[in-house]
Structure formats: structure tokens, C-alpha cells
2 protein chains.
Amino acid sequence: MHLSKSSIYGLRASILLTKMGGDKNYVTIRELSDELNIPFHFLTKILQELSKAEILESLRGPNGGVRLAKPPNRITLKDIVTSIDVKYDILNCPLGLPGCGEHSLCPLQQDWQNFKLKVERMISEVTLEDLSARSKNNDNDMYHRTHNHLNA
Amino acid sequence: MHLSKSSIYGLRASILLTKMGGDKNYVTIRELSDELNIPFHFLTKILQELSKAEILESLRGPNGGVRLAKPPNRITLKDIVTSIDVKYDILNCPLGLPGCGEHSLCPLQQDWQNFKLKVERMISEVTLEDLSARSKNNDNDMYHRTHNHLNA
DNA sequence: AAGTATTAAGACTATTATATCTTAATATAG
DNA sequence: CTATATTAAGATATAATAGTCTTAATACTT
Ligand code: FES
Ligand code: FES
């Protein structure tokens, strides 16, 4: 599972957005970046990608910000990740041979494809609603660490 | 599973070495790098790491090269990867929160830790012997693609 | 209409990962 | 002892990722 920091930040921001923006109000990127200890301009660029992908909506000017473009139960983890890391490879086999999955050349293939299917199913099924619900039940301070301590 | 190219190359070379070096002869790094389409000097540096970690033995001069330092059934996939990517994080959760695994803060934790355990077990149990045996049963041309086609 | 708050966009810089090049050390062969 | 084949080590170069800065566009408020 090789996610760029952009994807990780995008996911965290989307989850927080889901938790904060139950209503139709826009949340400023500044709020998100402060809360999550993500560099503001960096997060801005990431969320622009999500807006282009029509996962978020944005509005400029006072009272502007970003918000989800559709109900959180219709946005999956995979939607977000694939919008940001266009060419990511979920759970790449350690040997990364050509034709992986098609031909049976890799000595790890059997084990690996098994894992891979499960992970792929998970990320394409879990929605922002699920994630925000689960994290509400947990310590709400989950995001409030300093940037340096995040093991991204 | 975020492996560097160094680790992937190190794994591929170790497997090939196992297949070629059943006896006690040294195999030159040039042979390995040609066969695997890995830049020679790059592979040299990677194998130096494995030598320092006492997974390989090396010898300079004519008839020199590298060979396994112990029987292939005593070298695991994990041995190799951890020698090269000293600070790798096997199957990092997409959210990558602090204290992952210790505290229950992450909404994906339950699913993810489950995968992670299985993958960790696999890489710490599978040995070079296993890998080379399995790949012998497969198409022996598995490594003979051009570098550009490898989806590392 | 003017001023302000905000995202959009793109240029720029910094850091890390990947790859190459050069020289040194060492072992063998003749 | 000399020439040669090879790994060791480190300096340099290139590419990819991460992060910063500046300016433009837009929408609200007064
Ligand atoms: S290269 Fe596809 S499973 Fe290993
Ligand atoms: S951060 Fe540990 S499982 Fe998600």
C-alpha cells in the first residue's frame, strides 16, 4: 500500500470534513490544515484535486471553503485515493514483477493476490460515513498531534 | 507495503542468486544485474548492504562475486527487506496515525491490523528456498523482461 | 464601489529516492 | 611482481515527492 502523503492528507481532511460539516456549511481549508497539522498551501492543492474530481465543492470569498459534494455514504476511500494518486498501486507485491495478476510467474503470487483482493475490497467499500462514524466513537483527539509525530 | 526499489531489487537478486548458486561458487554482480535489468552500480550498493548484514558473502578479484552466507532456508524475505529498508513500515495504514497499533484511534484499525498481521507473518516465514523453489516451477523467463516493463 | 476573505493556479524551493561515475582496495593468474 | 577482474566506497547527478510563496480570481460585506 504505497500512498503518497498527498493521499494520506486528503483522506484525513475528508474524514474531518465529514465530521465537521454535517450540515451544508463550508469549512475553510485553514481550519482543516490547522486542525490536522498539514501545511495550508499543500492541503489546498490536494483539495483542489478532490474538487476537480467532484468529491468536494469549494467556494471562494468570505464564508467560503470546502464541503462534500455528495453524501458521505457515497464517497469511498478508494474514490479519494484514486483522485489524488492517479497511478497508485494498491498493495504492490514485494517482487513487483511484470504482468502481475495476469500470468503466474511470481513465487509470492498466490499469497499476495489473496491479500490484495481483500484490501481492495475494503478500500472500495468503506465510505467516509463509516470512517467518520468510527472515529467519532474513538478519542476525538486523534488528529490533534503535532506534525512531527505523525508517522505518515 | 512500501518497499523501496532497493529492497525489490535486493529480493530479486537474492532469489536469482539462490537459483544459480546452489553450489558454493560466487556469482558476479554483473551477471545478476544483466539478468535482472538492474543498474550494475546500483545493485552493487544494495548487495553491499546485504553483505554487511551477513546475508551475503562477497569476494573481490577474479572468480569473485557474491553468494549466500547461509543456507537459503534460513534467510527470510523479512531478513532481506529489513536489511535494506532499515526503517520500512510493512503495510502502513492509509491513515498512518500516530501510535498506530497501540492505541485504538484509527477508524480503519481493526481491519488493517488484521491484514498487517498476516502479511507480517508471511514475510517473516517465507524463505529464499521457498521463493526459489516456487519460481523454478514457474516460467523461468520471469526475470528476463526489459527494465522499462517492470512495474516496480 | 471598495475592502476583505477565501480558494485557484502556477512558479519556486527543499528533500528524498534513484541512479551513475570515479577511484580505491583486494584477490587471482600469469 | 604485474596485469586483470572484481567488489567497496564515496562523490555526483537526476528524478520524484513534498512543501512554500506569490499572484489572480471570486464572492461576500459594508
Ligand atoms: S509480482 Fe504479482 S504477486 Fe508477486
Ligand atoms: S493508523 Fe493504525 S490502523 Fe490506521
Side-chain angles (χ1 to χ4, degrees), chain A residues 2-10 12-13 17 21 25-34 36-67 69 81 84-89 92 96 147-148 150-152, chain B residues 2-10 12-13 17 21 25-34 36-67 69 81 84-89 92 96 147-148 150-152:
Chain A
H2 184 14
L3 293 188
S4 63
K5 276 213 173 129
S6 296
S7 269
I8 295 171
Y9 290 165
R12 290 182 189 162
L17 197 52
N25 287 331
Y26 290 95
V27 175
T28 66
I29 297 175
R30 180 66 68 182
E31 265 187 279
L32 297 171
S33 72
D34 282 354
L36 298 170
N37 294 294
I38 299 171
F40 169 73
H41 290 288
F42 194 21
L43 185 57
T44 296
K45 286 204 310 189
I46 295 164
L47 298 189
Q48 280 170 23
E49 294 300 314
L50 294 181
S51 298
K52 279 178 199 154
E54 300 188 357
I55 289 168
L56 300 184
E57 286 171 348
S58 66
L59 182 71
R60 299 191 244 201
N63 309 322
V66 292
R67 68 182 181 193
V81 165
I84 297 172
D85 282 354
V86 179
K87 196 181 140 37
Y88 87 121
D89 194 350
N92 210 355
H147 185 238
N148 286 333
L150 299 175
N151 54 358
Chain B
H2 185 14
L3 291 188
S4 63
K5 275 209 173 134
S6 297
S7 270
I8 295 170
Y9 291 165
R12 290 182 189 164
L17 197 52
N25 288 332
Y26 289 95
V27 176
T28 66
I29 297 174
R30 179 68 65 182
E31 265 187 279
L32 297 171
S33 72
D34 282 354
L36 299 170
N37 293 294
I38 299 171
F40 169 74
H41 291 288
F42 194 22
L43 185 57
T44 296
K45 286 206 308 189
I46 294 164
L47 299 189
Q48 279 170 24
E49 294 299 313
L50 294 181
S51 298
K52 279 179 199 155
E54 299 186 358
I55 290 168
L56 300 183
E57 285 170 349
S58 66
L59 181 69
R60 299 192 245 202
N63 310 321
V66 293
R67 67 182 182 195
V81 165
I84 298 172
D85 282 355
V86 178
K87 196 180 140 36
Y88 86 121
D89 194 350
N92 210 355
H147 185 236
N148 285 334
L150 298 176
N151 55 355

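So that the names make sense, note that chain A is the first sequence line, chain B the second, and so on, each numbered from 1.
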Protein-nucleotide distance ([X], atom [atom1]; [N], atom [atom2]), rounded to Å:
X	N	atom1	atom2	result
A/Ile46	D/dG19	CD1	C1'	10 Å
A/Ile38	D/dT20	CD1	P	12 Å
B/Arg67	D/dT6	CZ	C1'	15 Å
A/Lys45	D/dT17	NZ	P	13 Å
B/Glu31	D/dT6	CD	P	9 Å
B/Leu3	C/dT16	CG	P	20 Å
B/Arg30	C/dT20	CZ	P	11 Å
A/Asn25	C/dA5	CG	P	19 Å

Non-neighbouring partners of A/Thr28 that pass side chain to side chain donor-acceptor pair (under 3.5 Å), sequence neighbours left out
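Side chain to side chain donor-acceptor pair (under 3.5 Å) check on A/Thr28 returns nothing, list empty.
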Applying side chain to side chain donor-acceptor pair (under 3.5 Å), name anything that partners A/Ser51, two or more places apart in sequence or on another chain.
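Checked A/Ser51 against side chain to side chain donor-acceptor pair (under 3.5 Å); zero matches.
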5' to 3', nucleotides 22-30 of chain D under a 4.0 Å protein heavy-atom cut-off (B base, S sugar-phosphate only, - none) gives B--BBBBS-
Contact summary for B/Ile84 and B/Gly10, nearest pair of heavy atoms
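For B/Ile84 and B/Gly10, the tightest heavy-atom pair comes out as CD1-CA, 3.9 Å.
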On a heavy-atom basis, which atom in B/Leu32 and which in B/Ala13 lie closest, and how many Å separate them?
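Heavy-atom minimum between the residues: CD2-O, 4.3 Å.
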Of the listed nucleotides ([options]), which one gets closest to any side-chain atom of [X]?
X	options	value
B/Lys5	D/dA18, C/dA19, C/dT7	C/dA19
A/Phe42	D/dT20, C/dT18, C/dT7	D/dT20
A/Tyr9	D/dA11, D/dG19, C/dT7	D/dG19

Taking atom CG of A/Leu36 and atom CD of A/Glu31, what is their separation to the nearest 0.5 Å?
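Here the interatomic distance stands at 10.5 Å.
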At what distance, to the nearest 0.5 angstrom, does OG of B/Ser4 lie from NE2 of A/His2?
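B/Ser4 atom OG to A/His2 atom NE2 measures 10.0 Å (nearest 0.5 Å).
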Would you indicate, yes or no, if C/dA5 has its OP1 or OP2 atom less than 4.0 angstrom from a side-chain nitrogen or oxygen of A/Thr28?
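No, outside the criterion.
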In residues 38-48 of chain B, what donor-acceptor pairs under 3.5 Å come from side-chain atoms, sequence neighbours left out?
| residue | atom | partner | partner atom | Å |
| --- | --- | --- | --- | --- |
| B/Thr44 | OG1 | B/Phe40 | O | 2.9 |

Would you mind writing out the side-chain donor-acceptor pairs for residues 54-66 of chain A within the sub-3.5 Å range, not counting sequence neighbours?
| residue | atom | partner | partner atom | Å |
| --- | --- | --- | --- | --- |
| A/Glu57 | OE1 | A/Arg67 | NE | 2.9 |
| A/Glu57 | OE1 | A/Arg67 | NH2 | 3.2 |

Those residues of residues 47-54 of chain A lying under 4.0 Å from DNA chain C by at least one heavy atom:
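Only A/Gln48, A/Lys52 qualify.
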